[in-house]
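In each ligand, atom 1 is the first atom listed, and ligand 1 is the first ligand listed. Just so it is clear, the model here is predicted, and its values are computed rather than measured.
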Amino acid sequence: MIDLHCHSLFSDGALSPEELLAKARDKNLLCLSLTDHDTIAGYTELDNAAKGSSITIINGIELSTRWKKYDIHILGYHIKPTVELAQLIEYQNQVRTVRAQEIGHSLEKIGVEQAYEKACMLAGHTRIGRPHFAQVLVNEQKTKEVSTAFKQFLGRGKMAYVPTFWMSIADAVSGICQAGGQAVLAHPLKYGLTRSKLHALINEFKEAGGEGIEVVSGAMNSIDIHEMAGLSLRFNLLASSGSDFHSNSSPVSLGCQPSLPANCTPIWDDWAIKQGAL
Ligand code: AMP
Ligand code: MN
Ligand code: MN
Ligand code: MN
C-alpha cells in the first residue's frame with residue numbers, strides 16, 4: 001500500500017514524523033508522503049528516521065488556497081525546498097496567524113478566555129489551525145467533540161469562521177511546479193461544492209498546471225470513489241490516494257484507505273519506488 005496524504009505534529013496531526021514512519025513500517029507501506037498543512041518542517045525528522053529503510057519517502061505538502069468563497073487544499077509532491085516555496089509558506093504562515101487571532105477574538109465573545117493563547121499552547125508551533133481551536137472548545141466544555149466544534153463554531157459560515165486570504169490556486173500550483181513538484185487537488189468531495197462548481201474548480205486547477213486528483217481520500221464509499229475515478233479520466237488527471245491520517249481517532253488509519261480503481265492511472269506509476277518493503 002501507498003499513502004500520499006498524512007499529517008504530523010508539525011501541523012494538526014498528533015504523531016511525530018518518526019512515529020508516523022514507525023506506523024508505516026508496521027503496515028509494510030511501500031511509499032509514504034507527509035503532507036503537513038502549509039509547512040515542510042517535518043521533512044528532516046522523517047528523512048532521518050527513514051534512512052536505510054525500504055520505504056520510499058516523497059516530499060509532500062498540503063497548501064490551503066482560497067477559491068471563490070471556499071478553502072481548497074492543493075497537495076504537492078516531490079517538492080524541493082526552493083526560495084519561492086519558502087516565500088509562499090511564509091505568506092501562509094502570516095495569514096494563518098492573523099486568522100487565528102481573529103478566531104480567538106470571536107471565541108472570547110462566547111466566554112472562552114484567552115482562546116488564541118490556549119490554541120497556541122496546544123499547537124506548540126506557528127502552524128496553528130482550526131483543529132487546535134476545536135480542542136480548546138472541547139476542553140472548555142463548549143462542545144462535545146472536535147467534529148461538533150466545527151459544526152457549531154468553526155465551520156464555514158459559523159460564528160468563529162474567519163474568511164481567509166490564502167494564496168490562490170494559481171499561486172499554489174505554480175509554486176509547487178517551480179519547486180519541481182506535481183500538484184494534486186485534495187479530497188474533491190470535502191468542499192460541499194455542486195457538481196458544476198466542482199468541474200469549474202477542476203478546470204481552473206488544470207489550467208494552472210495541476211496534474212492530479214485525489215481519487216481516494218480517507219474513508220470513502222465505493223460510489224464516491226468511482227465518481228472521482230471518472231473525473232480523473234474525464235479531465236485527464238493522474239489519480240492519487242491517501243488516508244489524510246491525523247491521529248488514532250482519524251476515520252482511516254495510515255495506509256488503510258480503500259484501493260484505487262483499476263481504470264485510473266496512479267500518479268506514482270512513473271515514480272521510482274523501492275519495491276523491497278514487503
Ligand atoms: P485549517 O487549515 O486551520 O483551516 O484547518 C483545517 C483542518 O481542520 C482540516 O485539515 C482537518 O484536519 C480539520 N477539519 C476540517 N473540518 C473538520 C470537521 N468537520 N471535523 C473535524 N476536523 C475538521
Ligand atoms: Mn488537517
Ligand atoms: Mn485537507
Ligand atoms: Mn490533509
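Looking at Asp12 and the Mn ion (ligand 2) together, the shortest N, O or S contact belongs to OD2.
The shortest heavy-atom contact between Ser54 and Lys274 is O-CB, 3.6 Å.
Remark: Asp36 does not engage Arg127 in a salt bridge, criterion side-chain N to carboxylate O under 4.0 Å. Salt bridge Asp12/Arg130: absent, no basic N to carboxylate O contact under 4.0 Å. The pair Lys118-Glu140 meets the salt-bridge criterion, since a charged nitrogen lies less than 4.0 angstrom from a carboxylate oxygen.
Note: the hydrophobic cluster containing Leu34 does not contain Val252 (ILVMFWY, side chain heavy atoms under 4.5 Å, direct or indirect links).
Looking only at atom types and distance, the side chain of His5 has no donor-acceptor partner in the side chain of Gln257 under 3.5 Å away.
Listing protein N, O or S atoms at distances below 2.8 Å from the Mn ion (ligand 3), with waters left out, gives Glu62 OE2, His73 ND1, His187 NE2.
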